[in-house]
Amino acid sequence: MYNVLVIGSGGREHAIVEALRHSPSVERVYCAPGNAGINTQATPVEIPVDDIDALARFATDTSINLTVVGPEVPLSMGIVDEFLRRGLRIFGPTKSAARIESSKAFAKELMARHGIPTAASRTFDDFVQALAYVKAGPERSVIKYDGLAAGKGVVVAANHAEAEEALRSMLLDDEFGKGKVVVEEFLDGPEFSFMCLVNGTKVYPLAVARDHKRAYDNDEGPNTGGMGAYSPVPFVTEEIRQTALDTIMRPVAKAMADEGIPFTGVLYGGLILNNGVPKVIEFNARFGDPETEVVLPRMKSDFCKVLDAVIDGKDTDIEWNPDTFLGIVLAAEGYPGSYAKGIVLNGIDSIEGNVHHMGTAVVDGSLVSKGGRVMMVGAHAPSLSEARDKALRDARNILKQSPGLFCRSDIGAKETTVNN
Ligand code: AMP
Ligand code: GLY
């Protein structure tokens with residue numbers, strides 16, 4: 001029987017904890033630092049996600065058999081390297097492999113070397129050269145800061161003036177610190193998230209999901225960490241999924257292994273269906289949030305056994321519930337800009353579906369918000385529309401009783417088809 005440690009404090013980690021709790025081979029789940037929802041299912045450990053030494057000491061002292069890392073920060077700091085050095089079993093990429101997420105320039109150059117379909121791009125550290133390149137190209141372009149910028153380092157520019165403003169703030173005003181930018185061709189099409197468990201050249205695909213990055217209905221408003229998700233995704237046919245696996249996910253894993261930086265962990269492909277062809281928008285080196293909250297509940301196989309098989313490079317079949325799982329994020333008004341914390345949360349116990357806590361805490365005996373994205377309300381049903389109706393009913397129920405929160409009401413409403 002396993003003692004498992006999960007690192008993180010969001011909805012993604014809540015879903016990971018829950019899946020591990022369902023695993024017959026898991027005795028005890030710990031979570032550092034956890035949140036109010038996670039703490040009802042796992043033993044909380046008061047260590048921040050970036051205190052790698054304290055986490056490794058805890059894992060050693062508590063005889064943790066497996067550690068699963070949620071967020072990118074500890075991965076890009078080298079938590080996996082340190083745990084492995086101390087002989088601790090951990091699921092995630094090493095610091096150098098995690099660069100597939102932490103450095104957009106690294107990811108783009110790797111894709112270029114290996115012919116992996118993605119938007120054409122060039123990397124710059126000089127404002128004048130970057131601007132000249134933008135002005136020589138089409139009106140629309142995408143400007144990306146080359147580093148971790150908490151999801152805020154991407155500007156989809158509608159024209160040259162907007163691109164210039166983004167280049168100015170990233171390269172001249174150093175908005176996210178001194179760094180490079182990647183200027184990318186704008187790709188049109190519906191996006192989907194394809195997470196695969198990976199060990200070197202072995203790739204174990206998870207179910208495809210769809211995120212909703214914009215804050216408001218009809219994909220309006222600023223980009224967020226994700227306002228809702230569902231899985232499966234009707235427009236991603238089996239043929240498209242297979243193409244994405246064969247032309248993107250497997251070749252990237254092989255490219256990294258061939259270049260001496262083998263990837264172990266979750267390789268997250270943020271993909272776009274551009275004129276019928278799946279192409280890469282970005283890679284992440286971890287489970288997506290909120291996609292994980294709709295993908296892991298669909299997994300019928302024993303999650304801990306699956307992770308074990310991946311770590312040992314063994315074959316394993318992953319079984320999925322065919323239902324559609326859909327989740328709607330309830331966020332604090334103002335998010336992703338400034339927002340209040342401490343909003344009192346009521347009504348969670350009265351809903352039919354489930355809740356994954358994202359940013360919650362218990363203060364003086366009351367459940368309150370602690371982050372911008374507060375919780376994800378989820379439901380499942382044989383069809384997307386039924387799952388949506390159920391989740392929306394539950395979400396509205398909680399909103400009514402918890403003033404100060406908002407949600408999108410169109411998650412799953414307009415499944416984009418390939419033809420529209
Ligand atoms: P990223 O952080 O790279 O995922 O970018 C955030 C969002 O910007 C993506 O989810 C897309 O909606 C959009 N985006 C990024 N790159 C492109 C591109 N080359 N073409 C069109 N949209 C893009
Ligand atoms: N849902 C997007 C992400 O996890 O980065």
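Every number for a ligand or one of its atoms is a count from 1 in the order of the listing. The basis for the numbers below is simple: all heavy atoms, side chains too, and nothing from hydrogens, waters or symmetry mates.
- At a heavy-atom distance under 4.0 Å, only side-chain atoms of V156, from C-beta outward, approach ligand 1.
- Residue G225 places a heavy atom less than 4.0 Å from ligand 2.
- Of all the atoms in ligand 1, the ones that sit under 4.0 Å from a non-hydrogen atom of V154 are 1 (P), 2 (O), 3 (O), 5 (O), 6 (C), 8 (O).
- Looking at E282, E191, K279, it is E282 that brings a heavy atom closest to atom 1 (P) of ligand 1.
- Close contacts of ligand 2 with D211, meaning ligand atoms under 4.0 Å from a residue heavy atom, involve 1 (N), 2 (C).
- The pair R241-E238 counts as a salt bridge, with a side-chain nitrogen and a carboxylate oxygen less than 4.0 angstrom apart.
- Between the side chains of S9 and N35, no donor-acceptor pair is found at a separation under 3.5 Å.
- Heavy-atom proximity to F186, at under 4.0 Å, picks out these atoms of ligand 1: 20 (N), 21 (C).
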* Asked: What's the verdict on side-chain contact (heavy atoms from CB on, under 4.5 Å) for T67 and F91, showing C-alpha distance, side-chain angles and the deciding distance?
  -> CA-CA 6 Å; T67 298; F91 185 67; over 6 Å; no

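- The aromatic ring centres of Y268 and F194 sit 6.0 Å or more apart.
- Selection from I281, L187, T118 by nearest heavy atom to atom 17 (C) of ligand 1 gives I281.
- Under 4.0 angstrom from ligand 1, the non-hydrogen atoms of E185 all belong to its backbone.
- Just one residue in the list V374, V355, L345 forms a side chain to side chain contact (heavy atoms under 4.5 Å, CB included) with I398, and that residue is V355.
- Ligand-side atoms of ligand 2 in range of N284: 3 (C), 5 (O), range being under 4.0 angstrom from any heavy atom.
- Contacts between R12 and ligand 2 below 4.0 angstrom, taking non-hydrogen atoms only, are absent altogether.
- The ring of Y230 has its center closer than 6.0 angstrom to the ring center of H212.
- Looking at ligand 2, you won't find any N or O of E282 less than 3.5 Å from one of its N or O atoms.
- In summary, the atoms of ligand 1 found under 4.0 Å from a heavy atom of K104, numbered by their order in the structure, are 2 (O), 3 (O).
- Ring orientation note: the planes of F124 and Y133 are tilted relative to one another, at an angle of 30° to 60°.
- For ligand 1, the atoms lying closer than 4.0 Å to a non-hydrogen atom of K144 are 3 (O), 15 (C), 16 (N).
- A salt bridge does not link K414 to D217: none of the charged side-chain nitrogens sits closer than 4.0 Å to a carboxylate oxygen.
- For the residue pair E109 and T123, the shortest heavy atom distance occurs at OE2-OG1, 4.2 Å.
- Ranking the protein heavy atoms by distance from atom 2 (C) of ligand 2 puts Y268 OH, 3.4 Å first.
- The neighbour count for D317 CG, taken as heavy atoms of other residues, nucleotides or ligands under 6.0 Å away, does not exceed 12.
- The N/O atoms of E291, backbone and side chain alike, include one that comes under 3.5 Å of an N/O atom in ligand 2.
- Close contacts of ligand 1 with A119, meaning ligand atoms under 4.0 Å from a residue heavy atom, involve 19 (N).
- For E184 and K279, the salt-bridge test fails: no basic side-chain N is under 4.0 Å from an acidic carboxylate O.
- Within ligand 2, counting atoms from 1 as listed, the ones closer than 4.0 Å to a heavy atom of G288 are 4 (O).
- You'll find the side chain of P117 reaches within 4.5 Å of the side chain of I248, heavy atoms only.
- Remark: distances from the non-hydrogen atoms of R286 to ligand 2 include one below 4.0 Å.
- Within ligand 1, the atoms closer than 4.0 Å to a non-hydrogen atom of V142 are 15 (C), 16 (N), 17 (C), 18 (C), 19 (N), 20 (N), numbered from 1 in the order shown.
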